[in-house]
Amino acid sequence: MRRKIILMLGLAATVAAGAAIAAIGPTGPGQFYYYFDDAGQVVGYSAIRCDGSRESWGKGTRNYSDGYFLCEPEI
């Protein structure tokens, strides 16, 4: 019984950590996130451009949409 409780707590912690990481924002060059409020209005933006520069405004929320810039390879 005790082992089952420990396994359930470990699984819950892993799921919570995964959800927190997903909502953090861009993690590498060429990625962007738009953040929305409960009504679906854009309330924030965060991006790491292809050159590695960062841009952000507004606030981050749990409701977001992410995407990628088309980065040309360096020659």
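As a basis for the values below, the full set of heavy atoms in this structure was taken, side chains included, without hydrogen atoms, waters or symmetry mates. Please read these numbers as outputs of a predicted model, since none were measured by experiment. Counting begins at 1 with the first residue of the sequence.
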(request) Test side chain to side chain contact (heavy atoms under 4.5 Å, CB included) on K59 and V43 and set out the steps. (result) CA-CA 6 Å; K59 66 177 187 172; V43 294; 4.3 Å; yes
(message) Suppose the criterion is disulfide bond (SG atoms under 2.5 Å apart): which pairs have a residue in residues 33-64, not counting sequence neighbours?
(response)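 Output for this query lists C50-C71.
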(message) Within this structure, what is the OG1-OH distance for the pair T27 and Y33, rounded to the nearest 0.5 Å?
(response)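 So the OG1 of T27 and the OH of Y33 are separated by 6.5 Å.
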(request) Rounded to the nearest 0.5 Å, what's the gap from OH on Y64 to OH on Y35? Could you check? (result) 8.0 Å
(request) Using the salt bridge (charged side-chain N to carboxylate O under 4.0 Å, His left out) rule, collect all pairs that involve residues 34-48, keeping only residues at least two apart or in two chains. (result) none
(request) Mind jotting down which residue pairs meet the salt bridge (charged side-chain N to carboxylate O under 4.0 Å, His left out) criterion with at least one end in residues 43-58? Sequence neighbours excluded, please. (result) R49-E55
(request) Could you walk me through whether F32 and Y68 pass ring-ring contact (aromatic ring centres under 6.0 Å, His included), step by step? (result) CA-CA 6 Å; F32 61 87; Y68 294 89; 7.6 Å; no
(request) On the 0 to 90° scale, with breaks at 30° and 60°, tag the W57-Y45 ring pair as parallel, tilted or perpendicular. (result)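 Parallel, since the angle between the ring planes stays under 30°.
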(message) Treating T61 as the side-chain partner and F36 as the backbone partner, does any N or O pair qualify as donor plus acceptor under 3.5 Å?
(response) yes
